[in-house]
Amino acid sequence: MAQGLLAGLAQALGEDAGYFASRFDKPMALLRGNYYPQRPDWAGANDYGIAPHTDYGCLTLLGSDGVPGLEVLAATGDWVPVTAEPGTFVINFGEMLELWTAGQVKATLHRVRGSSQERISVPLFFNPNFDADVAPKGAAPILAGDHLSKRFEETYLHMSKTS
Ligand SMILES: O=C(O)CCC(=O)C(=O)O
Ligand SMILES: [Fe+2]
């Protein structure tokens, strides 16, 4: 399914169907489970299930149990609730795809709000081969693996070397 999306996306941008997909034959794919407990009464306005962010990679295929909570920032500047029935996927474009396409594809800012119902989601982060060059056309090469490592290091500061 992800390969089909990549082919369609490439064609929509005027490229060959394999422009992205051919760089995903040894994909860096990560499946994560997110559990959101009931939102406690004392939670404040900024206590999100997940704070606003863009995903680091190319495509995210997001399955959930259908409980509302996910919101996406629309071009109008409004946060729009997005729900998907179990068995369907929300597709997110990530930062690496924005980089690779020189901004033609925008990484979608999204967040999760808690509610009185607990919620489960399962994102599949689907990224190209480690050594895929994801730099925009004409720019110096940027390896997908290096780009992802850099973003993880910026996020998980507690895991970095201190000496
Ligand atoms: O739980 C969701 O619907 C979104 C999860 C998410 O944005 C993420 O894991 O990056
Ligand atoms: Fe996300």
Side-chain angles (χ1 to χ4, degrees), residues 1-6 8-9 12 20-21 23-24 26-130 132 134 136 142-160:
M1 186 177 135
Q3 294 285 13
L5 283 168
L6 290 167
L9 204 57
F20 301 118
R23 317 312 313 276
F24 284 73
K26 282 187 275 183
M28 296 186 288
L30 175 75
L31 187 70
R32 181 163 76 190
N34 293 320
Y35 171 66
Y36 305 93
Q38 278 188 339
R39 183 178 162 84
D41 294 338
W42 47 260
N46 288 329
D47 292 327
Y48 294 103
I50 293 189
H53 68 282
T54 45
D55 293 346
Y56 299 161
C58 280
L59 285 185
T60 307
L61 278 57
L62 177 69
S64 81
D65 58 6
V67 173
L70 176 65
E71 296 178 340
V72 174
L73 187 64
T76 54
D78 300 316
W79 286 98
V80 179
V82 175
T83 47
E85 294 302 311
T88 63
F89 295 99
V90 173
I91 309 298
N92 265 330
F93 298 142
E95 296 168 11
M96 200 189 286
L97 203 54
E98 180 163 336
L99 172 73
W100 202 347
T101 62
Q104 280 188 285
V105 174
K106 297 269 182 284
T108 325
L109 201 64
H110 55 284
R111 67 186 185 187
V112 177
R113 277 188 181 282
S115 72
S116 56
Q117 267 180 296
E118 62 180 9
R119 180 170 182 274
I120 289 174
S121 74
V122 182
L124 175 73
F125 301 102
F126 194 65
N127 299 309
N129 305 351
F130 188 100
V134 296
I142 301 170
L143 297 192
D146 290 342
H147 179 75
L148 274 187
S149 306
K150 180 166 163 281
R151 294 295 285 125
F152 279 117
E153 275 160 26
E154 286 165 0
T155 306
Y156 300 110
L157 288 177
H158 61 289
M159 290 170 71
S160 58

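Model, not experiment: these values are computed from the prediction. Whatever order the structure lists them in is the order used to number ligands and atoms, beginning at 1.
With hydrogens and angles disregarded, no donor-acceptor distance shorter than 3.5 Å links the side chain of E98 to the backbone of K106. Side chain of R39 to backbone of D47: a donor-acceptor contact under 3.5 angstrom is found. Judged by distance alone, the side chain of D55 and the main-chain N or O of G94 form no donor-acceptor pair under 3.5 Å. Between the S115 side chain and the Q117 main chain, a donor and an acceptor come within less than 3.5 Å of each other.
Of all atoms in ligand 1, numbered sequentially from 1 with element shown, those under 4.0 Å from a heavy atom of P123 are 9 (O). Remark: ligand 1 atoms within the under-4.0 Å shell around heavy atoms of R32 are 8 (C), 9 (O), 10 (O). With ligand atoms numbered from 1 in the order given, ligand 1 contributes 1 (O), 2 (C), 4 (C), 5 (C) to contacts under 4.0 Å with heavy atoms of Y36. Listed by atom number, the atoms of ligand 1 under 4.0 Å from F125 heavy atoms are 9 (O), 10 (O). Those atoms of ligand 1 that come under 4.0 Å of a heavy atom in I50, given as number and element, are 5 (C), 6 (C), 8 (C), 9 (O).
Counting heavy atoms from C-beta outward, W79 and L73 have side chains that approach closer than 4.5 Å.
Looking at N92 against ligand 1, nothing comes within 4.0 Å, counting heavy atoms. Only the side chain of D55 comes within 4.0 Å of ligand 1, judged by heavy-atom distances.
Around atom 10 (O) of ligand 1, the closest heavy atom drawn from R119, R111, H53, E71 belongs to H53.
Seen from the ring of Y48, R111 does not count as a face-on cation partner, given the 6.0 Å and 45° thresholds.
Per residue H110, closest N, O or S atom to the Fe ion (ligand 2): atom name NE2.
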Evaluation steps, salt bridge (Lys or Arg N to Asp or Glu O under 4.0 Å), between K150 and E153: CA-CA 5 Å; K150 180 166 163 281; E153 275 160 26; over 6 Å; no
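For the pair NE2 of H53 and OD1 of D55, the angle whose vertex sits at the Fe ion (ligand 2) is 90° to 10 degrees.
E154 CD: more than 12 foreign heavy atoms inside a 6.0 Å radius.
Of all protein heavy atoms, the one lying nearest to atom 4 (C) of ligand 1 is V112 CG2, 3.6 Å.
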